[in-house]
Chemist: 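Before I ask anything, here is the structure I am working with.
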Amino acid sequence: MITAKNIHKYFETPSGTLHALKDVSLTVKPAEVVVVIGPSGSGKSTFLRCLNRLEYADAGSIVIDGVNILDPKCAINAVRAEVGMVFQSFNLFPHITVLENITMAQISVRKTRKAEADKISMELLEKVGLSQKAAAYPDQLSGGQQQRVAIARSLAMSPKVLLFDEPTSALDPEMVGEVLDVMQDLAKEGMTMVVVTHEMGFAREVADRVVFMDDGQIQEEGKPEHFFTNPQNERTKLFLKQIL
Ligand code: ADP
Ligand code: MG
């Protein structure tokens, strides 16, 4: 579903050129859940952002479901519709209702008729347990509820892949579980997911594969049962010691 090969990304900064991604390659199969972990600044967000072209990779190739997304002819809206992204800060539009947040892109990007978009959106709200909040405005919801709406909004595009960048990091602890539960349901239903998270319980239980990034590179990857019990790389060992 995702084949990223030899990705490099550079940022120009006041103190010079920063090599943020150094030859990163990752393959994700359909319905696979890959959890990406690693210290702050290791390039996790930059890598995810390259996968839906929020950042344009400077070198390498990214093919998603057969589409070369780095092809200049590849329309950016098409990429964004197929590759959904859920952010740490939910980024809902504050001035429209929960339902409208979910219908908006269906109508404007997918060209779905309003009645149909409303129906799909209500089903998605049901799925994330928030159908009673359709007419509410985002600031009337808790953080956990807002993030579940953001997930429903991504799902409304019927993406082929969903990327999550620390989806629970901005939440009060008691709301983390409800968001992880929704993500686990999606995984069970066969959604292809790449998830950057510090929630190691989720990584152990839900991930098919765990990837450890440090210093702009993938240092190690493996099945969670091997990765957590028998890490090979010294940096992985040190990182796990710090967080577990
Ligand atoms: P992570 O998500 O693992 O914390 P990031 O991908 O956000 O790491 O950042 C990787 C490196 O790239 C960091 O050194 C960060 O400061 C730098 N970086 C990220 N985005 C930009 C940008 N737009 N401009 C300059 N530097 C950036
Ligand atoms: Mg990040």
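No hydrogens, no waters, no symmetry mates; every other heavy atom, side chains included, goes into these values. Both counts, for ligands and for their atoms, begin at 1 and track the order of listing. Here the structure is a predicted model, which means the values were calculated and not measured.
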Chemist: Apply salt bridge (charged side-chain N to carboxylate O under 4.0 Å, His left out) to Lys119 and Glu126, showing your working.
Modeler: CA-CA 11 Å; Lys119 182 167 165 284; Glu126 188 85 35; over 6 Å; no
Chemist: For atom 13 (C) of ligand 1, which protein heavy atom lies nearest, and how many Å away is it?
Modeler: Gly41 O, 3.8 Å
Chemist: Report yes or no: does a heavy atom of Gly216 sit under 4.0 Å from some atom of ligand 1?
Modeler: no
Chemist: Can you list the atoms of ligand 1 that are under 4.0 Å from a heavy atom of Ser42?
Modeler: 1 (P), 3 (O), 8 (O)
Chemist: Can you tell me the protein heavy atom closest to atom 27 (C) of ligand 1 and the distance?
Modeler: Phe11 CD1, 3.3 Å
Chemist: Around atom OH of Tyr56, are there more than 12 heavy atoms of other residues, nucleotides or ligands at under 6.0 Å?
Modeler: yes
Chemist: Examine ligand 1 and decide if any of its atoms is less than 4.0 Å from a heavy atom belonging to Gly38.
Modeler: no
Chemist: What is the closest protein heavy atom to atom 3 (O) of ligand 1, and at what distance does it sit?
Modeler: Lys44 NZ, 2.8 Å
Chemist: For Lys5, is the NZ atom crowded, meaning more than 12 foreign heavy atoms sit under 6.0 Å from it?
Modeler: no
Chemist: Treating Ile, Leu, Val, Met, Phe, Trp and Tyr as nodes and any side-chain heavy-atom pair under 4.5 angstrom as an edge, say whether Val34 and Leu180 lie in one connected cluster.
Modeler: no
Chemist: Just need the protein heavy atom nearest to atom 7 (O) of ligand 1, so name the residue and atom and give the distance.
Modeler: Ser45 CB, 3.7 Å
Chemist: Are any N, O or S atoms from Ser45 nearer to the Mg ion (ligand 2) than 2.8 Å?
Modeler: yes
Chemist: Could you identify the single nearest non-hydrogen protein atom to atom 12 (O) of ligand 1 and state the distance to 0.1 Å?
Modeler: Leu18 CD2, 3.3 Å
Chemist: Under a 4.0 angstrom heavy-atom cut-off, which atoms of ligand 1 come close to Pro39?
Modeler: 3 (O)
Chemist: Can you hop from Val63 to Val194 via hydrophobic side chains spaced under 4.5 Å?
Modeler: no
Chemist: What atoms of ligand 1 come within less than 4.0 Å of a heavy atom belonging to Ala20?
Modeler: 12 (O)
Chemist: With side chains defined as the heavy atoms from C-beta onward, is the minimum distance between Val182 and Glu178 less than 4.5 Å?
Modeler: no
Chemist: Would you say Arg148's side chain and Val128's backbone share a donor-acceptor pair under 3.5 angstrom?
Modeler: yes
Chemist: Determine, for Phe228 and Arg204, whether the Lys NZ or Arg CZ falls below 6.0 Å from the six-membered ring centre while staying within 45 degrees of the axis.
Modeler: yes
Chemist: Taking NZ, NE, NH1 and NH2 as the nitrogens, is one of them in Lys223 or Asp208 under 4.0 Å from a carboxylate oxygen of the other?
Modeler: no
Chemist: So which protein heavy atom does atom 8 (O) of ligand 1 come closest to, and at what separation?
Modeler: Gly43 N, 3.2 Å
Chemist: In the protein, what heavy atom is nearest to atom 5 (P) of ligand 1, and what distance, to one decimal place, separates them?
Modeler: Thr46 OG1, 3.6 Å
